[in-house]
Amino acid sequence: MKRILQLLAMVAWFFSCAVHAQYKPPVSTVLAETSYFVNQDGSYHQELESQTRIETAQGVNAFAEERLSYISTLEDLEIVEAYTLQPDGSKIPVAPESIRTLESADASEAPTFSDAKVKVIVFPKVDVGSQLYYKARYFQHTPLFPGHFFTSTYFSPHKRYGNVTIHISHDPAIAIQVDTKEMRGGKVAALPSDQAGWIRYRYDYSQTEAYPAESSQLSVADFAPYFAATSMANYEELARAYQSRAKASTRVTPAIAKLAAKITSGTNEPLEKVRRLYSWVSQNIRYIAIYAGAGGFVPHDAQSILDHRYGDCKDHVVLLESLLQSIGIESSPALINYGNSHRLPNLALVTPFNHVITYVPSFNLFLDSTTQFAPMGTLPDKEMDKPVLLTSNGKILRTPSFDTQKDFSQTFVQMTLMPDGKMLGKSHTQMHGFLEQHSRASQFGYQNQEPERVVTRLLSRFQETGTGKIQSGNPKDLGAPWSVDAEFELDPLVNVPGPSAMGMPTGLAPGILKAMSGYKPARIRRFPHSCISVRHEETLDVLIPKEIHIERVPKGIDFVRGGVQYKSRYTLQGNTLNVRREYIANRPTSICGEEDDQLWRELVPVLQRDLRSQIFFN
C-alpha cells in the first residue's frame with residue numbers, strides 16, 4: 001500500500017511539473033533600475049533603465065514595442081537611449097523616427113478626453129532571444145496632490161525578474177514612508193552626488209520562477225511582492241488631499257437647486273428623494289472619461305457637468321452630491337477599486353483606487369450612478385465586498401457583501417412537446433441584486449437589433465434551433481420591477497412516435513445552471529481568486545402528449561459540500577413532468593483558494609450528469 005501511494009504521488013508530481021513546464025513567459029526582465037529624486041513639494045524626477053528579453057514568438061508580437069505613459073501637463077518624458085541587443089552581442093540602435101509620441105488610448109469602453117500621452121519605442125529586428133534596452137527620464141514638475149509623492153511597483157508572478165533595483169532619494173523636509181514585500185534592502189548612506197542632507201533607500205528584487213495566470217485571479221496588487229513609497233501619513237490624509245480638491249466642485253447653484261426640487265417634488269420621503277436623484281443622474285449624465293491635468297483626481301464643478309450632461313465617475317459623484325446637498329442630504333465620495341483588487345495596501349496609496357462612487361451615511365447606502373442599469377441599493381459585482389475610503393471623513397468602510405437572499409435568479413419555464421417532436425415553450429425570469437444589472441444591460445443591448453438574429457444566437461448557446469421572441473420592461477427604468485419573458489418554438493428535439501429519450505431543453509430561458517456545468521476549475525491553484533455567493537432557482541413544467549407513454553424520469557440530486565448546495569427534483573403528475581433545480585453558494589468571503597476549486601471539482605460532474613439526464617418514453 002505504501003508503494004502504491006508513493007507511485008501515485010510521483011505521478012501527481014510528474015503531471016504538475018509537466019503542466020508547469022508547458023508555460024513560458026513571453027518576456028522576462030533582465031535588468032530594471034529605477035531612481036527617484038523627490039523634492040520637498042512632492043515633485044520629482046525619475047531615471048529608468050530597463051532591459052527585457054523576448055522569450056517566445058508571442059512575445060515578439062506583444063512586446064516588440066515599449067509604451068511609456070505620462071501626463072503632458074504635469075510631466076515631461078525623455079527617451080535617452082534605446083536599442084535591440086541581439087544574442088550575438090550586437091546592438092541595433094532605435095532610430096529617432098521610431099520613437100513616437102501618441103495620444104493615450106484608454107482601455108475603458110467609454111469615450112475618453114485626456115492629455116495623457118504615450119511615447120512608443122519601436123525596436124528593430126526583434127526575435128526570440130533579443131533583448132530590448134531603453135533608458136528614460138521622467139520629470140514631474142506638478143504633483144497630482146500638492147505637496148505629496150507616491151509610487152508603487154508590483155512584481156507579477158507571471159514573468160521572471162533578473163536584477164531589479166529601486167533607489168529613492170528625498171529631501172528630508174518631505175516625510176516619505178517605504179513598504180516592501182520580499183525585497184532586500186532599506187535605508188542606505190547618501191551618495192556623494194546626492195544633495196546635502198537627503199535621505200536614501202535602496203531595494204533589490206529577483207524572481208526566477210514564473211507561473212501562468214489563473215481564472216478569476218485576484219489583482220497582483222493583493223498578493224504579489226511589491227515596492228511602495230508615499231508621503232501620505234495615513235488614509236485619512238489621502239482622503240483630505242482628495243476632498244480638498246473635490247469639495248469646492250459640489251457648490252449648489254440656483255439651477256442645481258431648481259432641478260433637485262423638480263425631481264423630488266411630490267414626495268416627502270428622504271429615501272425616495274435619494275432614489276429619484278440617483279436615477280436622474282444615472283440616466284441623464286453620459287459617462288465619458290476625462291483626464292486633463294490632474295483630472296484623474298480632480299472633478300469638474302457640478303454646474304458645468306449639468307450644463308454639458310457628461311462626465312466621468314468623479315463628475316457623477318460631484319453632481320449627485322450637489323443635488324443631494326441642495327435638499328439637505330449629505331453624501332461623500334467613496335474611493336474604490338473597480339476590478340479584482342480586494343485589499344488596501346499597508347501604506348496610503350492611490351494605486352488600488354481607480355473609481356469613485358457615492359456613499360449616503362444617513363441610509364448606509366452606496367450608489368454608483370455611472371452604472372446605468374443598477375437600481376438603487378445594488379452595485380455591480382466588481383464593486384461588492386470591497387474596501388472604500390470615504391473622502392469626507394477618512395473612514396474606511398466596506399461595500400455590501402454578496403447575499404443569497406438578495407442576489408438570486410428565479411426562472412419558470414412551461415414547455416409542451418408536440419407530436420412532431422417540436423417543443424413550444426415560454427419562460428419568465430426574475431433577476432435580483434447584481435444579477436438584475438447584468439440582465440438589464442443585456443436586454444438593453446438587444447434593443448434595435450434584428451430579433452431573429454438575437455434569438456438564433458441565444459438558442460445556439462446549447463445547440464438548439466428555432467424561433468421566438470423576448471419581452472422585457474424598459475431596462476433604464478430603474479424604479480420599475482424587472483423581469484424578462486420569452487416565447488419560443490424549438491425545432492424537433494426527439495424522434496416521435498417510437499421509443500426515444502429527451503433531455504431538458506433551455507429555449508430562451510437564461511440557462512444559468514447549464515452554463516455553469518461547462519466550468520472547469522483550475523487543476524492547480526497557486527493564487528487567490530475572487531468568488532461570490534449567489535442563488536439560482538429553475539422550475540420547468542414539460543407537458544408530454546397523452547399518446548406518449550413515459551417509462552422513466554430522472555432521479556433527483558442532493559449535493560452539499562461546505563457552503564455549496566445543489567439539488568434537483570423530478571416529479572411526474574399525469575403527463576406533466578415538473579423539474580425543480582436549485583443552486584446555492586454561501587461563501588464567507590469573496591476571496592477563495594484551492595479549497596473552492598476542489599469543491600467545484602466535485603460539483604461539476606454532478607451538475608453535468610443531472611443536466612444531461614433524460615426522460616425515456618415510447
Any donor-acceptor pair under 3.5 Å from [X] side chain to [Y] backbone:
{"X": "Asn575", "Y": "Pro545", "result": "yes"}
{"X": "Ser439", "Y": "Leu435", "result": "no"}
{"X": "Gln207", "Y": "Lys159", "result": "yes"}
{"X": "Asp596", "Y": "Cys592", "result": "no"}
{"X": "Asp477", "Y": "Asn474", "result": "no"}

- List in chain and number order the residues that pass salt bridge (charged side-chain N to carboxylate O under 4.0 Å, His left out) with Lys422, two or more places apart in sequence or in another chain; answer none if no residue qualifies.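 Lys422 satisfies salt bridge (charged side-chain N to carboxylate O under 4.0 Å, His left out) with Glu489 only.
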- Which one of Arg343, Arg587, Arg398 satisfies the salt bridge (charged side-chain N to carboxylate O under 4.0 Å, His left out) criterion with Asp385?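 Single salt bridge (charged side-chain N to carboxylate O under 4.0 Å, His left out) partner of Asp385 among Arg343, Arg587, Arg398: Arg398.
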For the student: nearest non-hydrogen atoms of [X] and [Y], plus distance:
{"X": "Val604", "Y": "Ser517", "result": "CG1-O, 3.7 Å"}
{"X": "Pro387", "Y": "Ile336", "result": "O-CG1, 4.0 Å"}
{"X": "Ala501", "Y": "Gln614", "result": "CB-OE1, 3.7 Å"}
{"X": "Asn340", "Y": "Ser530", "result": "OD1-OG, 3.5 Å"}

Electrostatic pair [X]:[Y] at N-O distance under 4.0 angstrom:
{"X": "Glu595", "Y": "Arg561", "result": "no"}
{"X": "Asp558", "Y": "Lys567", "result": "no"}
{"X": "Asp485", "Y": "Lys426", "result": "no"}
{"X": "Glu269", "Y": "Arg275", "result": "no"}
{"X": "Arg535", "Y": "Asp407", "result": "no"}
{"X": "Arg276", "Y": "Glu272", "result": "yes"}
{"X": "Arg581", "Y": "Asp610", "result": "yes"}

- Message: Lys386 vs Glu383, test: salt bridge (charged side-chain N to carboxylate O under 4.0 Å, His left out). Steps then yes/no.
- Response: CA-CA 6 Å; Lys386 295 284 188 75; Glu383 296 175 16; over 6 Å; no
- Message: According to side chain to side chain donor-acceptor pair (under 3.5 Å), does anything in residues 443-458 pair up with another residue at least two apart or in another chain? List the pairs.
- Response: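 Those involving residues 443-458 do not exist here.
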- Item | For Ile532, all residues meeting side-chain contact (heavy atoms from CB on, under 4.5 Å), sequence neighbours excluded |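 side-chain contact (heavy atoms from CB on, under 4.5 Å) list for Ile532, sorted by chain: Phe402, Phe434, Val534.
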Hydrogens and angles aside, do [X] and [Y] bring a side-chain donor and acceptor to less than 3.5 Å of each other?
{"X": "Tyr570", "Y": "Ser613", "result": "yes"}
{"X": "Thr370", "Y": "His316", "result": "no"}
{"X": "Thr267", "Y": "Lys273", "result": "no"}
{"X": "Glu538", "Y": "Thr411", "result": "no"}
{"X": "Ser341", "Y": "Asp222", "result": "yes"}
{"X": "Tyr359", "Y": "Asn364", "result": "yes"}
{"X": "Glu551", "Y": "Asn618", "result": "yes"}
{"X": "Thr465", "Y": "Asp491", "result": "yes"}
{"X": "Asp368", "Y": "His355", "result": "yes"}
{"X": "Lys514", "Y": "Thr506", "result": "yes"}

Using ring centroids (six-membered ring only for Trp), state whether [Y] and [X] fall under 6.0 Å.
{"X": "Tyr211", "Y": "Tyr23", "value": "no"}
{"X": "Phe408", "Y": "His432", "value": "yes"}
{"X": "Phe527", "Y": "Phe223", "value": "yes"}

- Would Val564 and Ile584 satisfy side chain to side chain contact (heavy atoms under 4.5 Å, CB included), going step by step from the backbone distance to the final call? CA-CA 6 Å; Val564 173; Ile584 302 175; over 6 Å; no
- Query: Is it true that the NZ or CZ of Lys181 lies under 6.0 Å from the centre of Tyr226's six-membered ring and within 45 degrees of the ring axis?
  - Reply: no
- Query: Cation-pi between Arg440 and Phe373: NZ/CZ under 6.0 Å from ring centre and within 45° of the ring axis?
  - Reply: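 That pair does not qualify as a cation-pi contact.
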- Evaluate the side-chain proximity of Val484 to Ile470: yes if any heavy-atom separation is below 4.5 Å, no if none is.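 Yes; the side chains approach each other to less than 4.5 Å.
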- Query: Would you call Met384 and Ser590 a side-chain contact if the rule is heavy atoms closer than 4.5 Å?
  - Reply: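 They are not in contact (no side-chain heavy atoms under 4.5 Å apart), so the answer is no.
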- Please step through side-chain hydrogen bond (donor to acceptor under 3.5 Å, both in side chains) for the pair His158 and Gln217, ending with a clear verdict. CA-CA 12 Å; His158 313 311; Gln217 176 183 306; 2.9 Å; yes
